[in-house]
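Some notes on the structure that comes next.
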Amino acid sequence: MNWWKNSVIYQIYPRSFQDSNNDGIGDIPGIISHLDYLEKLGVDVIWLGPVYQSPGDDNGYDISDYQAINPEFGTMEDLDNLINEAKKRNIGIVMDLVVNHTSDEHEWFLEAKKGKDNPYRDYYIWRDPVDGGVPNDMKSTFSGPAWEFDEASGQYYLHLYSKKQPDLNWENEEMRNKIYEMMTFWLEKGIAGFRMDVIDHIGKVPDEKIITNGPKLHDYIQEMNHRSFGNYDVMTVGETWSATPADAPLYSDPQRKELSMVFQFEHIGLDEQPGKSKWDLKPLNIIDLKKTLTKWQTEIGENSWNSLFWNNHDTPRIVSRWGNDNEYRVESAKLFAILLHLMKGTPYIYQGEEIGMTNRELSDISQARDIETINMYHDRLGSGYDEAAIFESLNAKSRDNARTPMQWKDTKNAGFTTNEPWIPANPNHETVNVANALEDPNSVFFTYQKLIQLRKQNPLIVHGNYTLLLPDHETIFAYEREYEGEKWVVVANLSDFEARLDLKTTPTETIISNYNKTYDHLAGIKLEPYEAFAVKVLS
Ligand code: GLC
Ligand code: CA
């Protein structure tokens with residue numbers, strides 16, 4: 001039990017991982033062809049982005065059949081093969097569970113649209129117009145109102161995301177039962193668990209404009225646990241943008257029988273202007289980053305569990321975001337790896353992070369693929385924003401940054417496809433690619449591999465106490481881990497400039513260093529830009 005506390009998870013964005021039949025779209029056989037690579041990296045679990053049948057308005061997060069595979073990605077047999085082939089390498093498959101909404105092309109919604117008396121009507125959230133317009137001023141995450149008018153019935157339906165993603169009505173018990181049956185179908189295939197898309201929305205109360213943490217949220221999750229995955233030895237992780245450290249145990253205290261852990265996003269918002277949107281940029285303050293991550297290390301309590309991540313398919317690449325993807329690309333990529341993987345919690349690696357993949361610059365909106373990005377562009381242009389400012393936001397934060405093809409080789413399209421890829425490969429694949437990484441013992445890849453091995457060998461990483469050191473230092477993020485009389489110190493200089501470290505503790509062994517140094521004292525030493533290391537110290 002709790003095997004997932006010792007695990008490292010690798011996130012695959014199926015569309016962009018590997019195309020096996022040269023239609024320009026990544027697919028399941030493509031993933032199978034790289035399982036040996038993932039085994040070499042050492043990961044225990046793959047979180048597989050949605051591969052279900054979908055019209056693809058939001059790249060598969062708009063599902064039209066939960067129990068069918070999108071032919072673009074392959075067949076159900078391919079998926080069974082993936083599960084089996086992964087299992088042979090001791091890798092589990094965690095499926096993406098998207099049950100806050102379906103596609104508007106899902107059979108339930110097609111039925112629901114037939115009229116107010118249709119038995120499926122109440123599977124979704126419908127409201128009468130108010131004063132001839134939208135029921136209230138709730139907004140969609142992808143721009144515009146969260147309500148779409150349905151001519152036929154004269155009512156609006158709710159969509160917190162695109163209008164092709166109508167929100168399910170979790171008040172409806174029959175709908176909930178169907179979701180649990182669907183989950184059991186997947187569990188019976190021997191999957192390793194679920195990543196639950198925007199799960200903190202399912203208890204929403206639209207009439208009170210309560211979008212997250214609704215009053216019945218935890219009842220629904222408990223019911224879901226009891227009726228589906230609670231009977232299987234699997235892991236579950238909730239995507240909860242709203243979660244605070246106080247919420248974490250509500251989801252993940254084992255006694256409550258809900259989830260294994262949640263993704264928290266407090267650090268992800270630190271380079272946004274408070275109260276504005278993700279597009280309104282502000283420089284990251286390292287002290288804020290230290291405070292936020294430390295809060296999650298220390299305040300969630302003994303009966304709760306963290307997940308650890310820097311980036312995913314919705315966020316920019318970490319080296320480009322808070323590191324230096326130019327002169328110090330390798331050093332900063334390794335720094336982020338060391339800093340995160342030695343914290344308490346289950347680490348997640350987003351595909352390509354392990355070779356230090358970077359953001360991709362857009363100069364024309366026709367190069368964008370992501371619905372959120374495209375909508376924001378038109379929205380802001382329409383409301384008078386300067387185009388250059390829009391591109392600055394978009395190049396910093398567009399979800400397309402992380403969705404460019406996985407960079408396997410220096411050949412055309414990065415070895416992802418021989419056809420036109422659905423989204424162009426980052427031109428830097430000529431140098432940043434897996435083939436190069438595997439040939440270079442000093443590559444980012446081997447830092448990740450080593451960190452994963454360290455986790456397997458050292459219970460301190462999984463269970464040790466965490467204490468922040470040097471809380472007021474402006475660029476150095478340093479912390480201590482302590483377990484059964486053993487102590488480690490982790491140090492990272494998050495800056496393009498040198499810094500001076502002054503710690504009194506005495507190292508007895510260097511565990512890992514991105515500058516290949518060994519350390520025998522930490523008092524008054526000079527740190528290079530993005531230098532990061534971990535040492536065992538006298539305790
Ligand atoms: C989650 C997904 C994101 C998707 C949204 C709606 O945030 O990670 O990609 O667009 O939910 O399903
Ligand atoms: Ca393909």
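Since the structure is predicted, the reported quantities are computational estimates derived from the model, not experimental observations. Just so you know, ligand 1 is whichever comes first in the structure, and atom 1 is the first atom listed for that ligand. Just so you know, these numbers use all the heavy atoms, side chains as well, and skip hydrogens, waters and symmetry mates.
Residue contacts with ligand 1 for Arg403 involve side-chain atoms from C-beta outward but no N, CA, C or O (heavy atoms, distance under 4.0 Å). Of the heavy atoms in Glu372, none comes closer than 4.0 Å to ligand 1.
Close N/O approach between His101 and ligand 1 is found [any backbone or side-chain N/O within under 3.5 Å].
No donor-acceptor distance shorter than 3.5 angstrom exists from the side chain of Thr418 to the backbone of Asn22, with no hydrogens or angles considered. Between the Asn118 side chain and the Lys114 main chain, no donor and acceptor come within less than 3.5 Å of each other. A donor-acceptor pair under 3.5 Å is absent between the side-chain atoms of Asn419 and the main chain of Gly24, judged by distance alone. Put simply, the side chain of Asp65 never gets that close to the backbone of Gln53: no donor and acceptor are under 3.5 Å apart.
Remark: ligand 1 atoms within the under-4.0 Å shell around heavy atoms of Asp314 are 1 (C), 2 (C), 3 (C), 7 (O), 8 (O), 9 (O). Within ligand 1, the atoms closer than 4.0 Å to a non-hydrogen atom of Arg399 are 3 (C), 4 (C), 9 (O), 10 (O), numbered from 1 in the order shown. Ligand-side atoms of ligand 1 in range of Val198: 1 (C), 7 (O), 11 (O), range being under 4.0 angstrom from any heavy atom. Residue Phe142 has at least one heavy-atom neighbour below 4.0 Å for each of these atoms of ligand 1: 10 (O).
Using cut-offs of 30° and 60° for the angle between ring planes, the Tyr66 and His106 rings count as tilted.
Of the N and O atoms on the side chains of Tyr123 and Glu111, not one donor lies less than 3.5 Å from an acceptor on the other residue.
Between Asp271 and Lys397 there is a salt bridge, since a side-chain N of the basic residue sits under 4.0 Å from a carboxylate O of the acidic one.
Ligand 1 is never approached by His201 to a heavy-atom distance shorter than 4.0 Å. Using 4.0 Å as the threshold, Met196 has no heavy atom nearer than that to any atom of ligand 1.
Under the side-chain contact (heavy atoms from CB on, under 4.5 Å) rule, Met182 has a single partner from Leu97, Asn177, Leu187, which is Leu97. Screening Trp310, Tyr350, Phe309 against Ile318 for a side-chain contact (heavy atoms from CB on, under 4.5 Å) leaves a single residue, Trp310. For the ring-ring contact (aromatic ring centres under 6.0 Å, His included) with His101, the lone residue among Trp170, Trp108, Tyr161 that qualifies is Tyr161.
For a distance bound of 3.0 Å, the N, O or S atoms of Asp23 include one lying that close to the Ca ion (ligand 2). Contact annotation: Ser20 places no N, O or S atom under 3.0 Å from the Ca ion (ligand 2). Using a cut-off of 3.0 Å, one finds that Ile25 contributes an N/O/S atom close to the Ca ion (ligand 2).
For the Ca ion (ligand 2), the nearest N, O or S atom contributed by Asp19 is named OD1. Looking at Asp27 and the Ca ion (ligand 2) together, the shortest N, O or S contact belongs to OD2.
Counting protein heavy atoms only, atom 11 (O) of ligand 1 is closest to Asp197 OD1, 2.9 Å. Annotation: atom 4 (C) of ligand 1 to nearest protein heavy atom, Asp58 OD2, 3.3 Å. Shortest contact from atom 7 (O) of ligand 1 to any protein heavy atom: Glu239 OE2, 2.8 Å.
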### Message
Quick one, Arg399 with Glu372, criterion salt bridge (Lys or Arg N to Asp or Glu O under 4.0 Å). Give me CA distance, side-chain angles, the key distance, then yes/no.
### Response
CA-CA 8 Å; Arg399 306 197 298 179; Glu372 182 190 43; 3.5 Å; yes

